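On a predicted model such as this, the values are computed, not experimentally measured, just so you know.
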Amino acid sequence: QVQLVESGGGLVQAGGSLRLSCAASGRTFSSYAMGWFRQVPGKERDFVAAIKWSDGHTYYANSVKGRFTISGDNAKNTVYLQMNTLKPEDTAVYYCAASSRQYSAYPPFAKTRYDYWGQGTQVTVSS
């Protein structure tokens, strides 16, 4: 069994920064992509950012481009999300995801790309 554990969420004022971390534990596996999604109550879980380990390519939702940065360590199945210039609309539960599939019909910004999900960490941005 693979577990993804997120940390780093919290309460921050608008304009502030937070850094989320996600680490995999449990059964050894190789991830080929890792990503972050977020969800607010009553809405779909939305893509935020992803990284594909094979070429290091990163993907971002338009709403976070230029403010958020995804990075990580492939060998450790660890991924980070540096969030700067936070806005109240960034308030959500943030979920980490990992894909163990080297080849997939789904792009890294699609939920269906991912096999494993964390429990989520709350990020609240006050105005």
Side-chain angles (χ1 to χ4, degrees):
Q1 190 76 353
V2 173
Q3 292 89 35
L4 299 180
V5 179
E6 304 100 334
S7 61
L11 173 64
V12 64
Q13 286 190 330
S17 298
L18 281 175
R19 186 184 192 228
L20 304 184
S21 300
C22 172
S25 63
R27 179 176 61 83
T28 301
F29 79 108
S30 296
S31 67
Y32 293 93
M34 292 187 76
W36 290 95
F37 291 74
R38 65 187 181 187
Q39 189 171 22
V40 298
K43 293 197 173 182
E44 294 277 325
R45 189 171 297 187
D46 291 332
F47 169 72
V48 175
I51 185 166
K52 196 170 63 171
W53 298 124
S54 60
D55 55 11
H57 195 83
T58 55
Y59 305 78
Y60 295 96
N62 288 335
S63 59
V64 307
K65 213 170 280 186
R67 300 188 298 123
F68 290 11
T69 303
I70 189 170
S71 62
D73 186 332
N74 184 15
K76 296 180 180 179
N77 287 326
T78 301
V79 69
Y80 308 100
L81 186 68
Q82 178 66 44
M83 306 186 294
N84 298 329
T85 320
L86 282 160
K87 304 175 181 179
E89 50 263 43
D90 294 319
T91 295
V93 177
Y94 283 70
Y95 295 91
C96 170
S99 173
S100 61
R101 288 169 281 169
Q102 184 174 6
Y103 302 106
S104 173
Y106 303 105
F109 50 81
K111 290 190 288 290
T112 45
R113 181 70 171 85
Y114 298 94
D115 310 293
Y116 304 107
W117 293 84
Q119 293 299 306
T121 185
Q122 176 71 46
V123 171
T124 303
V125 184
S126 62
S127 57

Who pairs with Arg45 by salt bridge (Lys or Arg N to Asp or Glu O under 4.0 Å), at least two apart in sequence or on another chain? none
What residues, two or more places apart in sequence or in another chain, satisfy salt bridge (Lys or Arg N to Asp or Glu O under 4.0 Å) together with Asp46? none
Contact summary for [X] and [Y], nearest pair of heavy atoms:
X: Met34; Y: Thr78; answer: SD-N, 4.1 Å
X: Gly120; Y: Val93; answer: CA-CG1, 3.8 Å
X: Val40; Y: Ala92; answer: CG1-CB, 3.7 Å
X: Pro108; Y: Phe47; answer: O-CE1, 3.9 Å

About how many Å separate [atom2] of [Y] and [atom1] of [X], when rounded to the nearest 0.5 Å?
X: Ser100; Y: Gln102; atom1: OG; atom2: CD; answer: 11.0 Å
X: Leu4; Y: Tyr95; atom1: CG; atom2: OH; answer: 13.0 Å
X: Tyr114; Y: Tyr32; atom1: OH; atom2: OH; answer: 14.5 Å
X: Lys111; Y: Glu44; atom1: NZ; atom2: CD; answer: 5.0 Å
X: Trp36; Y: Leu81; atom1: CH2; atom2: CG; answer: 6.0 Å

Is it the case that one hydrophobic cluster holds both Val48 and Leu18, taking links as side-chain heavy atoms less than 4.5 Å apart, direct or via other members? yes
Hey, quick one: are Val125 and Val64 part of the same hydrophobic cluster, counting side-chain heavy atoms closer than 4.5 Å, chains of contacts allowed?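 In one cluster with Val125: Val64, yes.
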Residue pairs meeting disulfide (SG to SG under 2.5 Å), one or both in residues 43-72, sequence neighbours left out, come to none
What pairs with [X] under side-chain contact (heavy atoms from CB on, under 4.5 Å), at least two apart in sequence or on another chain?
X: Thr58; result: Ile51, Tyr60, Ile70
X: Asn74; result: Ser31, Trp53, Asn77
X: Ser127; result: Pro88

Going by side chain to side chain donor-acceptor pair (under 3.5 Å), name the residues that satisfy it together with [X], two or more places apart in sequence or in a different chain.
X: Tyr59; value: none
X: Thr124; value: Gln122
X: Lys43; value: none
X: Tyr94; value: Arg38

Going by heavy atoms in the side chains, are [X] and [Y] under 4.5 Å from each other?
X: Arg113; Y: Arg101; answer: yes
X: Leu20; Y: Met83; answer: yes
X: Tyr116; Y: Cys96; answer: no

Donor-acceptor pair, side chain of Glu6 and main chain of Gln119, under 3.5 angstrom: yes
Trp117: what forms a ring pair (Phe, Tyr, Trp, His ring centres under 6.0 Å) with it, not counting sequence neighbours? Phe37
Which residue pairs satisfy the side chain to side chain donor-acceptor pair (under 3.5 Å) criterion with at least one member in residues 9-19, sequence neighbours excluded?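 Only Ser17-Asn84 qualify under side chain to side chain donor-acceptor pair (under 3.5 Å).
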